Amino acid sequence: MSTLEDPFRASRLATAVATVACNLFLVLGSLVLSTLGLLVGWLPPRTVWTYTLVRLWARGVLSSGAVRVEAHYDPAIDPAASYVFLANHQSLFDIPAVMVTAPGQVRLVAKRSLFKIPIFGWSMAAGGFIPVDREDRSSARETFASAVGKLRRGTSILLFPEGTRGQGDRLLPFQRGGLLLALKSGLPIVPVGIHGTRAIRATGSLAIHPGTAVVRYGPPIDAAGFGLKRKGALAAEVRRRVAELAGMEAEDAAVAGA
């Protein structure tokens, strides 16, 4: 029986090709594009050229892994407006899936350890991405101030409020940062649900299974309408919508520590 006649063998072959091609791109492609990002990062308008390369990197990751992306947008989303995007997190592929589909200019708030990777991390900084160290409160204040500044300059911010990749079908409690950022800036929160990325590459695995990632952008939520006194209600509403968009459950505590 030929490979084309044997779906199981074809699937194994596709996985093997995607695993080799995508992991090579993650090393070599990231190196080349990160180096270019550093070279153009000083050109005006600052960070825009590097951000363009970040989106090119994201497309390269998806293409080399034979990952298709479907994006769905609520009609109320204005590509020219600024938002705080809050998304669930399941896989390495969440970031490229959102980066290629997010409307407008978006900067990611990511763990500080990524910014310490030579060339790659330096390029992230040159692209205007924002490092955060949740163990260091003084660093968290700097992160918050930087994110608010970018929002006021017309850039949207993307956060994964679970703080780490989830392993099951239930959302982890949200960290407070994204909610407070929306309340402080007065900008709407757009809930984002990502589905299918865990099946493409599970946490701790190098194997990449070609497939489809679905990204759904829900209607903006007016965070200012809740206010600080009702941030618990805001967290519950955001989690409910993210879970609904991602096809997950959101029954446990809305915010870490709640």
Side-chain angles (χ1 to χ4, degrees), residues 14 17-19 21-37 40-41 45 47-75 77-110 114 120-121 123-130 150 154-162 165 178 189-202 208-218 220 242 245-247:
V17 172
T19 298
C22 191
N23 282 299
L24 277 175
F25 182 85
L26 284 169
V27 176
L28 300 179
S30 298
L31 178 61
V32 171
L33 291 173
S34 296
T35 302
L36 289 174
V40 303
T47 77
V48 172
W49 295 107
T50 303
Y51 177 71
T52 300
L53 290 171
V54 168
R55 296 194 77 159
L56 182 61
W57 169 85
R59 293 186 185 282
V61 171
L62 296 168
S63 297
S64 62
V67 176
R68 196 168 157 267
V69 180
E70 291 182 6
H72 305 271
Y73 305 88
D74 186 270
I77 294 176
D78 179 2
S82 294
Y83 299 105
V84 176
F85 292 101
L86 298 183
N88 62 302
H89 197 15
Q90 299 182 330
S91 167
L92 166 81
F93 282 86
D94 295 336
I95 294 174
V98 175
M99 294 308 296
V100 300
T101 59
Q105 290 275 322
V106 180
R107 298 298 184 273
L108 172 68
V109 176
L114 292 176
F120 179 78
S123 181
M124 288 180 64
F129 284 33
I130 305 166
K150 284 180 169 54
T155 299
S156 294
I157 298 295
L158 166 66
L159 299 97
F160 295 102
E162 292 173 279
R165 298 173 197 171
I189 292 172
V190 170
V192 182
I194 305 171
H195 178 74
T197 53
R198 185 188 294 121
I200 293 168
R201 180 175 175 176
I208 295 168
H209 306 273
T212 300
V214 181
V215 186
R216 295 186 176 91
Y217 294 83
V242 170
L245 292 165

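None of these values were measured; they are calculated from a predicted model. For reference, positions follow the sequence shown, starting with 1.
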K.L.:
Return the minimal non-hydrogen interatomic distance between Gly178 and Leu86, and the atom names on each side.
P.N.:
CA-CD2, 4.0 Å

K.L.:
Please find the pair of heavy atoms, one from Thr50 and one from Gly37, that lie closest to each other, and give the distance.
P.N.:
OG1-O, 2.9 Å

K.L.:
Applying salt bridge (Lys or Arg N to Asp or Glu O under 4.0 Å), can you list everything that pairs with Arg59, at least two apart in sequence or on another chain?
P.N.:
none

K.L.:
Would you mind listing every salt bridge (Lys or Arg N to Asp or Glu O under 4.0 Å) that reaches into residues 21-36, with sequence neighbours excluded?
P.N.:
none

K.L.:
Please list, chain by chain and in numerical order, all residues satisfying side-chain contact (heavy atoms from CB on, under 4.5 Å) with Ala66, sequence neighbours excluded.
P.N.:
Pro210

K.L.:
List for me each residue that meets side-chain contact (heavy atoms from CB on, under 4.5 Å) alongside Thr212, sequence neighbours excluded, and say none if there are none.
P.N.:
Arg68, Glu70, Val214

K.L.:
Quick one: pull up SG in Cys22 and NE2 in His209 and give me the separation to the nearest 0.5 Å.
P.N.:
12.0 Å

K.L.:
Can you check whether Gly127's main-chain N or O pairs, donor with acceptor, with Arg107's side chain at less than 3.5 Å?
P.N.:
yes

K.L.:
Residues in side-chain contact (heavy atoms from CB on, under 4.5 Å) with Val32, at least two apart?
P.N.:
Leu36

K.L.:
Return the set of residues passing ring pair (Phe, Tyr, Trp, His ring centres under 6.0 Å) with Tyr217 (not counting sequence neighbours), or none when no residue passes.
P.N.:
Tyr73, Phe85

K.L.:
Taking all heavy atoms of Val106 and all of Tyr51, pick out the closest pair and write down the distance.
P.N.:
O-CE1, 2.8 Å

K.L.:
To check you understand the geometry: which heavy-atom pair defines the closest contact between Pro79 and Pro103, and what is its length?
P.N.:
CA-CB, 3.9 Å

K.L.:
Between Arg201 and Ser91, what is the shortest heavy-atom contact and its length?
P.N.:
O-OG, 2.9 Å

K.L.:
Which atom pair, heavy atoms only, marks the closest approach of Val242 to Pro191?
P.N.:
CG2-CB, 3.7 Å

K.L.:
State, with a plain yes or no, whether a side-chain heavy atom of Ile77 is found less than 4.5 Å away from one of Pro220.
P.N.:
yes

